[in-house]
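Counting begins at 1 with the first residue of the sequence. Owing to the predicted nature of the structure, the values given are computational and were not obtained by experimental measurement.
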Amino acid sequence: MLKSFNPGHVLLLVLLAGVSGLAADKSPQLKTAKPAASALSKQQKHALWMLDQLFEASRQSQNQAFRIEAEAAIADVLWQHDRERARIYFTHAFRSIASISQEEQDPAQPSGGQPLASIKAGLRRRLAAMIARRDPALAEALVNELSRSADHEDASALYPELAANSAATDTRRAVEMIKATLGSGITPDLISSLKSIRAVQPQSADNLFYDSLARAARDGDKFGEDLGVLAPYVFGPGRGAAATAGGGAAPPAPPAQGGEAQLIRNFLDFAFQTTSDISGQKSAGSPAGLIPYAQLMQFLPYYQQYFPQKASRISAAFNQLVASNPDPIKQSLLVNLFTQPPAGKIVKAADSLIDPEQKDLFYKVAALQASHDGHFEQALTISRLIGDRTARQMVESIVNQNAALRALDRQDIDAACKYAAEIPNLPQQSRVYAQIIRALTAKKEMVRAGEVLDNAERQLLKAEEGPEKARALLLLSTVALPVDQIRATAILQLAVVAINHADAPDAARNAHASVASVREDAATVLNSHSFDFQLTFGMLARLDFDTAFSLAQSIAPREISLLAQIAACQGALLGTKGNKTKHGAGSAGKRPSRNQNSPVT
């Protein structure tokens with residue numbers, strides 16, 4: 001049973017109980033005193049005034065899910081300036097999720113949009129996380145109301161999200177929420193929450209982790225799968241079963257010290273002992289009894305480092321499992337997927353196969369193994385043998401990304417840019433370019449950073465129009481800001497154009513599209529490809545609020561534009577550098593012509 005939240009918040013919620021009776025399209029009317037005028041700059045006062053206008057503009061949307069998102073976003077911005085009103089907005093927004101109706105989906109396309117339950121669950125997850133960062137007690141109270149709502153949603157399903165976002169400000173509450181959710185199963189969200197708690201209170205997080213291990217051991221059939229989920233808490237990301245199947249987990253880092261080493265040893269020892277018990281229950285020596293040991297092969301490098309004798313036993317059991325299988329193809333699959341042999345050996349095994357899917361799987365594993373070993377050109381050569389285009393591009397993206405980052409580590413910028421340009425996956429390509437530019441900026445090599453910025457911009461502009469291109473350009477404008485504000489503004493303008501093109505229905509559909517289906521196009525871009533406007537419009541607004549706000553207004557999809565305007569206001573309220581309100585040189589001629597004193601409508 002969770003402890004009750006702060007009595008002060010109980011009183012607040014009692015006072016706000018009437019809010020839940022408001023219709024979903026009615027906004028809270030309570031207005032509270034603003035901060036003292038002397039505490040705000042002229043620009044910040046204007047941003048607060050604009051937030052009121054944006055709030056009213058958002059209420060005109062026919063999309064209730066958007067109205068809820070916008071109200072929560074405004075509450076988040078208001079938090080540092082008017083917490084009472086922010087809490088009212090947060091409360092009203094979260095409770096309004098229950099009243100979203102199916103009528104807002106396009107009836108002509110019943111399978112085209114998200115199911116209503118999925119929309120509600122996604123909104124609750126995002127809002128719960130946002131509220132928890134500001135007021136963990138309020139977030140917990142609102143989530144606990146769900147069991148009494150018409151949706152009858154399990155409140156504990158949101159506890160890991162609440163814990164992850166409240167760990168830094170209310171660790172005790174985060175720990176209690178994780179305790180309450182342990183019985184719901186081992187999930188990646190649980191591990192993320194434990195990591196957040198561990199950053200503040202390592203011992204509390206480790207104790208919860210050990211509890212999770214003990215619970216996982218109670219289900220022998222799922223234990224191997226759960227180990228793959230639990231492993232990233234101990235070793236870091238990419239150490240689970242999925243990583244092994246994708247080309248092998250990386251070898252262990254240099255021996256850990258102190259508590260870290262003890263955590264690793266405890267995990268490995270418990271996994272081995274539990275696997276031995278499970279194997280014994282399935283007749284040791286039989287194939288069924290040997291299978292559990294295959295799950296431990298993903299951690300073999302760690303066993304070799306910490307428990308050499310156990311490593312030998314795991315290898316012996318695995319070899320028995322391979323030998324007991326009469327099918328040579330299955331033997332080859334086991335050996336090549338779990339033992340991480342040299343890439344050339346895996347390619348040779350693939351060449352002997354007939355089934356195209358099996359061949360592709362082997363080539364994929366071989367390419368990733370070569371990449372892991374640092375043989376990037378060999379990896380790219382192997383990747384070209386993969387028949388499936390999607391799988392081939394995925395592997396090529398991973399290999400080129402690894403090669404670029406390895407080159408960046410040794411400060412070979414030319415090689416890093418060469419490999420970055422060859423990444424087929426646009427989000428990965430933009431992230432690698434961003435890392436290169438950030439590294440150069442940190443070393444104050446602004447001229448070289450500007451050259452890489454030029455290269456990255458040319459590459460990204462070649463991409464097909466769509467949300468991914470818009471997001472890539474938004475990221476590029478973020479890393480460009482410390483290098484050249486004028487360039488960053490120009491790239492942000494390109495991102496706006498990309499957003500507008502991504503959202504526009506094609507000409508063939510536009511003539512016959514219903515109002516509802518056009519609205520669904522906008523919702524798809526907004527919900528399925530969310531944009532982090534705070535790092536773009538918000539950061540630019542700290543330097544030049546007028547330009548950031550005007551660019552946000554120039555976004556054609558009304559709802560996305562309103563969110564960008566809210567982000568610009570948040571940037572202005574977080575503080576400005578130099579209180580700059582004029583456009584920098586080079587951007588005045590490109591300034592959108594909207595009226596800055598009113599939001600887009």
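- Using modelled atom types, one side-chain atom of Asp484 and one backbone atom of Ile486 make a donor-acceptor pair closer than 3.5 Å.
- For the residue pair Glu396 and Pro424, the shortest heavy atom distance occurs at OE1-CG, 3.9 Å.
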Audit row: Arg487, Asp454, salt bridge (Lys or Arg N to Asp or Glu O under 4.0 Å) steps and yes/no: CA-CA 10 Å; Arg487 287 291 308 284; Asp454 289 338; 2.7 Å; yes
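- Residues Met394 and Ile398 meet the side-chain proximity criterion, which asks for heavy atoms closer than 4.5 Å.
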Verdict with supporting geometry, Lys364 and Asp388, salt bridge (Lys or Arg N to Asp or Glu O under 4.0 Å): CA-CA 10 Å; Lys364 171 188 171 184; Asp388 182 77; over 6 Å; no
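- At distances below 3.5 Å, at least one donor-acceptor pair connects side-chain atoms of Ser58 with backbone N or O atoms of Phe55.
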Full working for side-chain contact (heavy atoms from CB on, under 4.5 Å) between Tyr433 and Gln429: CA-CA 6 Å; Tyr433 272 125; Gln429 184 181 57; 3.7 Å; yes
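- With 3.5 Å as the limit, one finds a donor-acceptor pair spanning the side chains of Asp206 and Tyr233.
- Heavy atoms only, all atoms of each residue included: Leu535 and Thr478 are closest at O-OG1, 3.0 Å.
- Between Ile566 and Phe533 the shortest side-chain heavy-atom distance does not fall below 4.5 Å.
- Across every non-hydrogen atom of Leu461 and Lys469, the tightest pair is O-NZ, 3.3 Å.
- Heavy atoms only, all atoms of each residue included: Leu230 and Ile191 are closest at CD2-CD1, 3.7 Å.
- Closest heavy-atom contact between Arg59 and Arg67: NH1-O, 3.4 Å.
- Here the straight-line distance linking atom CG of Leu54 with atom CD of Glu71 works out to 13.5 Å at 0.5 Å rounding.
- For the residue pair Ser561 and Gln565, a side-chain donor N or O sits within less than 3.5 Å of a side-chain acceptor on the partner.
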Stepwise side-chain contact (heavy atoms from CB on, under 4.5 Å) test for Phe66 and Leu563: CA-CA 9 Å; Phe66 166 75; Leu563 290 180; 3.9 Å; yes
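- In this structure, CG in Asn455 is found 5.5 Å from SG in Cys417, a value given to the nearest 0.5 Å.
- Separating the CD atom in Gln378 from the CD atom in Gln369 is a distance of 10.0 Å, to the nearest 0.5 Å.
- Between Tyr89 and Asp76, every side-chain heavy-atom pair lies at or beyond the 4.5 Å cut-off.
- Using a distance-only test at 3.5 Å, with no hydrogens or angles considered, a donor-acceptor pair links the side chain of Thr381 to the main chain of Glu377.
- Between the side chain of Ser193 and the backbone N or O of Pro160 there is at least one donor-acceptor pair closer than 3.5 Å.
- Looking only at distances, a side-chain donor or acceptor of Arg83 sits under 3.5 Å from a matching main-chain atom of Trp79.
- Around CZ of Arg410, the count of heavy atoms belonging to other residues, nucleotides or ligands within 6.0 Å exceeds 12.
- Between Glu451 and Arg448 a salt bridge is recorded (basic side-chain N to carboxylate O distance below 4.0 Å).
- Judged by distance alone, the side chain of Ser397 and the main-chain N or O of Asn425 form a donor-acceptor pair under 3.5 Å.
- A distance-only check finds a donor-acceptor pair linking the side chain of Asn500 to the backbone of Ala556 [under 3.5 Å].
- Here the shortest heavy-atom pairing between Met177 and Ser166 reads CE-OG, 3.7 Å.
- The shortest side-chain heavy-atom distance between Phe549 and Asp544 does not fall under the 4.5 Å cut-off.
- Here the CZ atom belonging to Phe209 is positioned 8.0 Å from the CG atom belonging to Leu194, to the nearest 0.5 angstrom.
- Salt bridge absent: Asp412 and Lys418 never bring a charged side-chain N and a carboxylate O closer than 4.0 Å.
- Ser550 places no side-chain N or O within 3.5 Å of a backbone atom of Asp546 that could act as its donor or acceptor partner.
- Atom CD of Gln428 sits about 10.0 Å away from atom CG of Leu426, to the nearest 0.5 Å.
- Considering only heavy atoms from C-beta on, Ile491 stays 4.5 Å or farther from Leu474 through its side chain.
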Pair Phe537-Ile555, side-chain contact (heavy atoms from CB on, under 4.5 Å): steps then yes or no: CA-CA 12 Å; Phe537 293 94; Ile555 296 175; 3.9 Å; yes
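- Here the side chain of Arg198 pairs no donor or acceptor atom with the backbone of Ala205 at under 3.5 angstrom.
- Between the CE atom of Met130 and the CG atom of Asp135 there is a distance of 14.0 Å, given to the nearest 0.5 Å.
- Two residues are said to be in side-chain contact when any heavy atoms from C-beta on lie closer than 4.5 Å; Val395 and Val399 meet this criterion.
- Looking at Leu48 and Leu51, their side chains come closer than 4.5 Å, going by heavy atoms from C-beta outward.
- Look at Asp52 and Arg85 and you find a salt bridge, because one of the NZ, NE, NH1 or NH2 atoms lies within 4.0 Å of a carboxylate O, short of that distance.
- Between Arg173 and Asp170, at least one side-chain N (NZ, or NE/NH1/NH2) sits under 4.0 Å from a carboxylate O, which counts as a salt bridge.
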Candidate pair His81 and Leu40, rule side-chain contact (heavy atoms from CB on, under 4.5 Å), full reasoning: CA-CA 10 Å; His81 299 273; Leu40 298 174; 3.7 Å; yes
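- Under the 4.0 Å criterion applied to side-chain N and carboxylate O atoms, Arg126 and Glu161 are not assigned as salt-bridge partners.
- Phe376 is listed as a side-chain neighbour of Asn402, based on a closest heavy-atom distance under 4.5 Å.
- Of the possible polar contacts, one joining the Ser383 side chain to the Leu380 backbone as a donor-acceptor pair under 3.5 Å is found.
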Derivation of the salt bridge (Lys or Arg N to Asp or Glu O under 4.0 Å) call for Asp82 and Arg87: CA-CA 9 Å; Asp82 193 342; Arg87 285 190 178 97; over 6 Å; no
